[in-house]
Every structure is written in C-alpha cells, then in structure tokens.
There are 2 protein chains.
Amino acid sequence: MFSKACQYGIKSVIYIWKQSLLGNKVGAKEIAEHVDAPEPFTAKILQELVRKKIIGSQKGPTGGFYADGAHESFTLRDLVEVIDGDGLFKGCSLGLKECSETNPCPLHHEIKKVRTHVVDMLTKKSLKQLAQEVERGETVLARFDF
Amino acid sequence: MFSKACQYGIKSVIYIWKQSLLGNKVGAKEIAEHVDAPEPFTAKILQELVRKKIIGSQKGPTGGFYADGAHESFTLRDLVEVIDGDGLFKGCSLGLKECSETNPCPLHHEIKKVRTHVVDMLTKKSLKQLAQEVERGETVLARFDF
DNA sequence: CAATTTAAGGACTTTTTTATCCTTTATTGT
DNA sequence: ACAATAAAGGATAAAAAAGTCCTTAAATTG
Ligand code: FES
Ligand code: FES
C-alpha cells in the first residue's frame with residue numbers, strides 16, 4: 001500500500017511532531033533510531049518533506065527537524081502524496097492509462113468505495129493528533145522487542 | 001496497491017475466463033495483446049498462476065490457458081495472494097514486524113476498516129463473474145484509444 | 001513417427017526502489 | 001572570527017521488481 005520511503009516518512013513525521021509538542025527539535029539520527037529506519041535514507045525523505053513544507057528544519061547546533069503552527073493542518077494525505085504521489089487516490093488500480101467512470105476497469109466501482117475509506121483514514125486526523133496518540137501510549141512507532 | 005505483475009495477472013485471468021466462457025483456450029500472446037501487457041512477463045505470471053491452480057493450461061497445438069469448473073470458486077483474493085502475498089491483508093501498513101492489536105501502529109485501527117473493504121472487494125465476486133461483466137461490456141480490460 | 005505448436009523453465013538485462021557516503025552550506029555558541 | 005554541529009545536496013551502490021530471451025518439454029495433427 002505504501003512504499004518503504006512513505007512508511008519511514010509517516011513514522012518520522014509523527015515522531016517529529018511528538019518531540020515538537022515537548023519543545024524539542026530532533027536530528028535525523030535520533031529520528032531514524034526511534035522509528036527503526038535506516039538513517040541516511042530517512043534523512044533523504046525528510047529533506048523532501050521539508051522542501052514541501054510538511055515539516056520545518058534548522059541547520060547548525062541545536063538545530064534539527066520540527067513541526068509547529070505552520071504545519072498544524074497537514075494530514076497523512078498530504079504526506080503520502082508528497083512521497084508516493086497521487087496514484088493511490090487517482091490512478092486506475094489495474095494500471096489503465098487513467099481511471100474513468102465511463103470506461104471502468106473491473107475493479108473500478110469497488111475501488112472507489114475503498115478509496116473513500118482510504119482518504120477518510122488519511123484525512124480524519126492531523127499528523128499532530130496522531131503524535132498525541134503516540135504520546136499517550138495508545139499507539140507505537142516501533143517495537144524493539146521480539 | 002497492486003504490483004504490476006498482479007495487475008497483469010488480474011486482467012489476464014479475467015480475459016482467460018471470458019474466452020473460456022466462449023469455449024476458447026487462449027495463448028500468452030493473445031492474452032498479452034488484449035490486456036495491454038508485455039508478453040514474456042505476462043507468460044511468467046501465468047506460469048505461476050497455473051502452478052497454484054488458479055487457472056489451467058495445455059501445451060501443444062490447440063492448447064493455451066483456460067479456466068473451467070475446477071477454477072470456478074477462485075476470487076481476486078486468491079489471485080492477489082499468489083502474486084503479491086498476504087502483506088495487503090495481514091502485514092502492518094507502516095512496516096512494523098507484525099500487525100498487532102495490543103501494540104498497534106498509528107494507522108492500525110483505521111487500516112483494519114480499510115482492509116475489511118479491500119477483502120470485501122476482492123471476494124464478493126468470483127473471477128468468472130468479473131469476466132461476465134467484461135463480456136456484457138460493463139467493464140473493460142484495456143483501452144487502446146486516446 | 002515427424003513436424004508443428006504452445007506452455008514451462010531458466011538465464012539474463014533493465015529499471016526502479018532502497019540505501020549509503022561524502023562534500024557543502026548554514027547556524028550556533030564561544 | 002572560529003570551531004562545532006546539523007541539514008542539504010549530489011554521487012554511488014545494492015537489492016528488488018519488471019521485463020526479455022532462449023532452450024526444453026509436452027501435446028496435436030497428419
Ligand atoms: S478505471 Fe480502473 S480504477 Fe477506475
Ligand atoms: S500494527 Fe500497523 S497495521 Fe496493525
């Protein structure tokens with residue numbers, strides 16, 4: 001459903017939000033450790049998310065990645081679109097050149113329903129809210145036990 | 001959502017069913033043309049589907065791929081699982097080692113709902129039924145116009 | 001049985017995705 | 001101004017997915 005890059009991006013941004021709510025900026029290394037993702041690859045993804053203003057960053061000592069009021073309204077939908085594009089929302093699930101109502105593929109009508117639920121899932125909570133759930137211990141970004 | 005291989009597989013099997021309902025066996029080349037997919041790659045995928053008994057095949061002149069009573073009960077779910085595995089149904093959407101109810105990732109509860117709809121989409125109609133819809137012109141496997 | 005046809009199988013190539021590394025640029029505190 | 005720190009950027013490497021090609025095996029027809 002999501003590329004690895006997107007999965008890392010989602011977990012990273014939620015972690016950044018969690019730390020930002022506590023007043024901390026965080027470095028790429030710390031993020032990668034806490035979301036169980038490869039550090040250099042994670043850094044690349046964060047770069048892109050900063051460019052698209054999903055999060056903020058600051059260079060130099062005491063710098064790092066952060067999220068604040070300017071990023072408050074973003075949802076997973078925005079983030080997923082930046083990294084994986086809009087194929088999940090707009091493209092034909094069977095790979096036809098475009099998704100069309102008048103010339104639908106065998107999955108079209110059913111996919112439309114699924115998409116509604118996917119978009120719902122990705123928009124009903126802000127990234128900040130998801131971070132608050134992690135903060136409350138209701139959800140986790142990684143499991144290091146097994 | 002689905003790999004290219006899976007998309008080709010889905011369209012191919014529906015095409016095979018459509019032709020089988022008309023009493024025809026079909027070769028890899030014809031299939032690939034009608035579903036707008038690369039021929040050798042499609043052949044590879046069909047090989048795997050035959051091995052897993054989703055469809056049947058026959059070598060030699062008048063041979064080809066077909067589907068009959070023995071394959072009647074299969075759905076897209078079976079086909080997707082053969083090609084893409086069960087990650088879409090069972091794995092954690094954010095890549096945690098496993099999907100868990102007691103230690104859920106931020107998307108877990110929402111993903112569960114989406115999965116219900118995805119499984120619903122993939123199981124409510126048999127592959128044969130999907131072929132009948134194509135036969136009736138209600139849906140298409142390819143569009144060569146644009 | 002021989003010739004032909006078509007799937008099966010395996011080796012290989014290309015492209016995309018994932019991942020790493022190194023250099024540069026900006027920022028901070030002293 | 002200087003040293004230290006952290007992100008940005010670009011170049012590369014490894015792995016996986018997508019796609020191709022060639023040889024072999026099975027079935028059919030005459
Ligand atoms: S045409 Fe295939 S999903 Fe709409
Ligand atoms: S734990 Fe991530 S989807 Fe269930």
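A note on names: the letters A, B, ... follow the listed sequences, proteins ahead of strands, and every chain is numbered from 1.
Following rounding to the nearest Å, B/K4 (NZ) and D/dT20 (C1') show an atom-to-atom distance of 17 Å.
Only A/P38, A/P40, A/F41, A/K44, listed by number, bring a heavy atom of residues 32-56 of chain A to less than 4.0 angstrom from any atom of DNA chain C. Sorted by residue number, the list of members of residues 81-92 of chain B with any non-hydrogen atom under 4.0 Å from DNA chain C is empty. Of all the residues in residues 7-19 of chain A, not one reaches under 4.0 Å from DNA chain D with any non-hydrogen atom.
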Donor-acceptor list for residues 54-69 of chain A side chains, cut-off 3.5 Å, not counting sequence neighbours:
residue: A/D68; atom: OD1; partner: A/A70; partner atom: N; Å: 2.9
residue: A/D68; atom: OD1; partner: A/H71; partner atom: ND1; Å: 3.2

Give the table of side-chain donor-acceptor pairs shorter than 3.5 Å for residues 2-9 of chain A, with sequence neighbours excluded, one pair per line with atom names and distance.
residue: A/S3; atom: OG; partner: A/C6; partner atom: N; Å: 3.1
residue: A/S3; atom: OG; partner: A/D84; partner atom: OD1; Å: 2.6
residue: A/Q7; atom: NE2; partner: B/S93; partner atom: O; Å: 3.1

Determine all donor-acceptor pairs shorter than 3.5 Å in which one atom belongs to a side chain in residues 27-46 of chain A; sequence neighbours excluded.
residue: A/E30; atom: OE2; partner: A/Y15; partner atom: OH; Å: 2.6
residue: A/H34; atom: ND1; partner: A/Y15; partner atom: OH; Å: 3.3
residue: A/H34; atom: ND1; partner: A/E30; partner atom: O; Å: 2.9
residue: A/D36; atom: OD2; partner: B/K97; partner atom: NZ; Å: 3.2
residue: A/T42; atom: OG1; partner: A/P38; partner atom: O; Å: 2.6

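Inter-residue side-chain proximity for A/T139 and B/L107 is flagged as unmet; no heavy-atom pair is nearer than 4.5 Å. Between B/F89 and B/V119, the closest side-chain pair of non-hydrogen atoms falls below 4.5 Å. You'll find the side chain of A/R143 reaches within 4.5 Å of the side chain of B/S100, heavy atoms only. Side-chain contact between A/V26 and A/I16 is present, with heavy atoms from C-beta onward closer than 4.5 Å. For the pair B/P106 and A/E133, the minimum side-chain heavy-atom distance is 4.5 Å or more. Taking the side chain as every heavy atom from C-beta outward, B/T116 and A/H117 never approach each other to under 4.5 Å. Contact check for B/L76 versus B/L127: side-chain heavy atoms found under the 4.5 Å cut-off.
Membership of the apolar cluster around A/L96 extends to B/V140, as traced through chained side-chain contacts below 4.5 Å between ILVMFWY residues.
The span of DNA chain C lying next to chain B, judged by atoms under 4.0 Å from heavy atoms, is bounded 5' to 3' by C/dT4 to C/dA11.
B/K128 is linked by a side-chain hydrogen bond (donor to acceptor under 3.5 Å, both in side chains) to B/E72, counting only residues two or more places apart in sequence or in another chain. Partners of B/R77 under the side-chain hydrogen bond (donor to acceptor under 3.5 Å, both in side chains) rule, at least two apart in sequence or in another chain, are B/E81. Evaluation of the side-chain contact (heavy atoms from CB on, under 4.5 Å) rule for A/K124 yields A/D120, B/E110, B/K113 as partners, not counting sequence neighbours.
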Check the interface with nucleotides 25-28 of chain D: list each N/O to N/O pair with the protein under 3.5 Å, or write none.
residue: D/dA26; atom: O4'; partner: B/K59; partner atom: NZ; Å: 3.4
residue: D/dA27; atom: O3'; partner: B/Q58; partner atom: NE2; Å: 3.1
residue: D/dT28; atom: OP1; partner: B/Q58; partner atom: NE2; Å: 3.3

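The closest donor-acceptor contact from the side chain of B/K11 to the backbone of B/A142 lies at 3.5 Å or more, if one exists at all.
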